[in-house]
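Note that ligands are numbered from 1 as they come in the structure, with each ligand's atoms numbered from 1 the same way.
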Amino acid sequence: MCGIVGYIGNKDAKEILIEGLRELEYRGYDSAGLAILNSGEFNIYKAVGKLKNLEEKTKDFTTSGFSVGIAHTRWATHGKPTELNAHPHLGEESYVVHNGIIENYIELKKELEKKGVGFLSQTDTEVIVHRFEDNKKTIADNFKAFETTINELDGAYAILLVTKSSDDKIFFAKKGSPLLVGKDSNGNVYFASSDTAVIGKAEEVYYLEDDEYGYAGKNDIAVFDKSGNKKSLTFKRLSTNKLSAQKEGYRFFMEKEIYEQSEVIADTMLGRLKDEEVFFEEIDDSFFDGIDEIKFCACGTSYHAALSCAYLFERVAKIKTSVEIASELRYKEPLLTKNTLFVVISQSGETADTLETLKMAKKAGLKTLAVCNVDNSSMVRTADTTILTRAGIEKGVASTKAFATQVCVLWMLSLFMAGKKGTISKESLKEQLHLLRELPKVLKVKQKLHDRIKKLSKRYLHGHGFFFIGRDVFYPLALEGALKLKEISYLHAEGYPSGEMKHGPIALADPELFTIALLPQNLLYEKTKSNIEELSARDSTICIISSKNEEIADDFIKIDEHSHYMLEFFEMMVVLQLLSLEISVRLGNDVDMPRNLAKSVTVE
Ligand code: AGP
């Protein structure tokens, strides 16, 4: 998830672009860059790291007179955070910035390399500008060449492109990643990934729809739909409150990130689901040679993601799998054998305990893999290879979309391994791929559900504690639900295997003990239901999350009916996230910055 900004007009384009990027840093900041076309010449600046490095590089540069400019702050999905990989990307006389993922970039790049085109970066984005310039050789009109280029791209994108031979225009296109175009009463034109970047500049904006594209010049904005028909645009007046704009109307970043899960999970899967197989460009076929065991290691929510998917690796990929809490593994003098693949899961890639276990595994000669959300983090630089979760920046301390994308990556990895080992039939694999493609829809928050949870949350503000219970993959999900509640409401909660309640914890059952029961229809339904009945018989207050109500429930949160338990898993995950959010809001807590917690625990 990156941030892009564009400007056309007579103001100081550098200032406008830098200020815009500063408002978008929450979308990603491992590198940044800008390109300004002024008096027929390009001025290009790029810097690795936070935006202040780019500001330092451009501090003596200003523009005067008319110019067009594009800028970008990057959250790496392809290629390390380096200056070469930072946007804008250059062709012969054109620059491009892009947010999203070009799924067919490998094919496009190979075709261009055959024509002798040289690539400077490892990114998918660079193919856009080279394809455009290749098309320009046979298509005289630059906009037509741009239009042809866009039609060649598969995947998700928000694109701004400038070229010397159209030095008063910006070409743009939007599909799957956000992009708006704005204007003011002096004919200045602005582009941005979100309106935070243009508040105080643009007076009104138009939010582009998927498959819309066009060109803009001074006093001129033309937008076309997928069929090439020019659209008449209805601009909206722009709000003036920056922080609420960064939260894009949500009360908290955590709430925004729960709603974003539907969008980012599509990025997580982009380029990785083929017609009949899972594909990870980061992993070559020999990577699993000699591996007959997997050991996951993580902390907190990331540990829950690993625990959830360990069931899938044993069930589907038929490989012995274990899961360790990093702070425990560090000091237990573990038996680490060379035939074990050591996998660390981490949103930040900086968690001290997890990082230390990764170093232990490497020292013991194990093959290592990091499933991580932050490229160039310590774990990414230490592991043999990495699979990025592509969740974009997660600002809420209580992890939501990072967890969802971790489970998605691990689910895909279990299928990838099963495919390599031949432990899954082609038909079953295709069914699983279909289920994965359902996730963006499953994760879309239904307002009716959110309203129901908001209403229900008033009943759960006291009591002497919560049990979250579930079986199989729903047990780690219960742990995660309990952690979410503890983190942001400060109420005591624990996750428990529902089959374990009768081995002691049921002694706590009474009307003041709240049980949140995860009751899937597609996995161990009867077993889980009987555990719930045991609690209900002892007068525990029970809230069931399921697609079908049960008369034993005091409260019931309905999810959709699904054909597979993993889809039930993801929809129940959203319910648990929203439930902890709404309870915390009612208790008046700081949802995004809960007491005593840090986003990344870089100390022991
Ligand atoms: C999750 O909501 C917490 N913020 C915390 O448990 C977190 O998952 C844990 O500290 C691990 O962080 P990491 O994923 O960045 O390694």
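Residue pairs satisfying the side chain to side chain donor-acceptor pair (under 3.5 Å) criterion with at least one member in residues 452-462, sequence neighbours excluded, are listed as follows: S457-R586, R459-D555, Y460-D555. Counting only residues at least two apart or on different chains, the side chain to side chain donor-acceptor pair (under 3.5 Å) pairs with a member in residues 485-496 are K484-E487.
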(request) Would you please test L524 and Y565 for side-chain contact (heavy atoms from CB on, under 4.5 Å) and show each step? (result) CA-CA 10 Å; L524 299 168; Y565 63 84; over 6 Å; no
(request) Give the C-alpha distance, both sets of side-chain angles, the deciding distance and a yes or no for salt bridge (Lys or Arg N to Asp or Glu O under 4.0 Å) between K320 and E293. (result) CA-CA 5 Å; K320 189 170 177 298; E293 183 176 339; 3.7 Å; yes
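A salt bridge links R272 with E282: the closest approach of a Lys/Arg side-chain nitrogen to an acidic carboxylate oxygen falls below 4.0 angstrom.
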Check ligand 1 against the protein and report each N/O to N/O distance under 3.5 Å, formatted as atom name, atom name, distance.
{"residue": "ligand 1", "atom": "2 (O)", "partner": "T301", "partner atom": "OG1", "Å": "3.3"}
{"residue": "ligand 1", "atom": "2 (O)", "partner": "S399", "partner atom": "N", "Å": "2.8"}
{"residue": "ligand 1", "atom": "2 (O)", "partner": "K484", "partner atom": "NZ", "Å": "3.1"}
{"residue": "ligand 1", "atom": "2 (O)", "partner": "E487", "partner atom": "OE1", "Å": "2.6"}
{"residue": "ligand 1", "atom": "2 (O)", "partner": "E487", "partner atom": "OE2", "Å": "3.1"}
{"residue": "ligand 1", "atom": "4 (N)", "partner": "V397", "partner atom": "O", "Å": "2.8"}
{"residue": "ligand 1", "atom": "4 (N)", "partner": "E487", "partner atom": "OE2", "Å": "3.4"}
{"residue": "ligand 1", "atom": "6 (O)", "partner": "T301", "partner atom": "N", "Å": "3.3"}
{"residue": "ligand 1", "atom": "8 (O)", "partner": "T301", "partner atom": "N", "Å": "3.1"}
{"residue": "ligand 1", "atom": "12 (O)", "partner": "T351", "partner atom": "OG1", "Å": "3.4"}
{"residue": "ligand 1", "atom": "14 (O)", "partner": "S302", "partner atom": "OG", "Å": "2.6"}
{"residue": "ligand 1", "atom": "14 (O)", "partner": "Q347", "partner atom": "N", "Å": "2.8"}
{"residue": "ligand 1", "atom": "15 (O)", "partner": "S346", "partner atom": "OG", "Å": "3.4"}
{"residue": "ligand 1", "atom": "15 (O)", "partner": "Q347", "partner atom": "N", "Å": "3.4"}
{"residue": "ligand 1", "atom": "15 (O)", "partner": "S348", "partner atom": "N", "Å": "2.8"}
{"residue": "ligand 1", "atom": "15 (O)", "partner": "S348", "partner atom": "OG", "Å": "2.7"}
{"residue": "ligand 1", "atom": "15 (O)", "partner": "T351", "partner atom": "OG1", "Å": "3.4"}
{"residue": "ligand 1", "atom": "16 (O)", "partner": "S346", "partner atom": "OG", "Å": "2.6"}
{"residue": "ligand 1", "atom": "16 (O)", "partner": "T351", "partner atom": "OG1", "Å": "2.5"}

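Residues forming a ring-ring contact (aromatic ring centres under 6.0 Å, His included) with F288 (at least two apart in sequence, or on another chain): F416.
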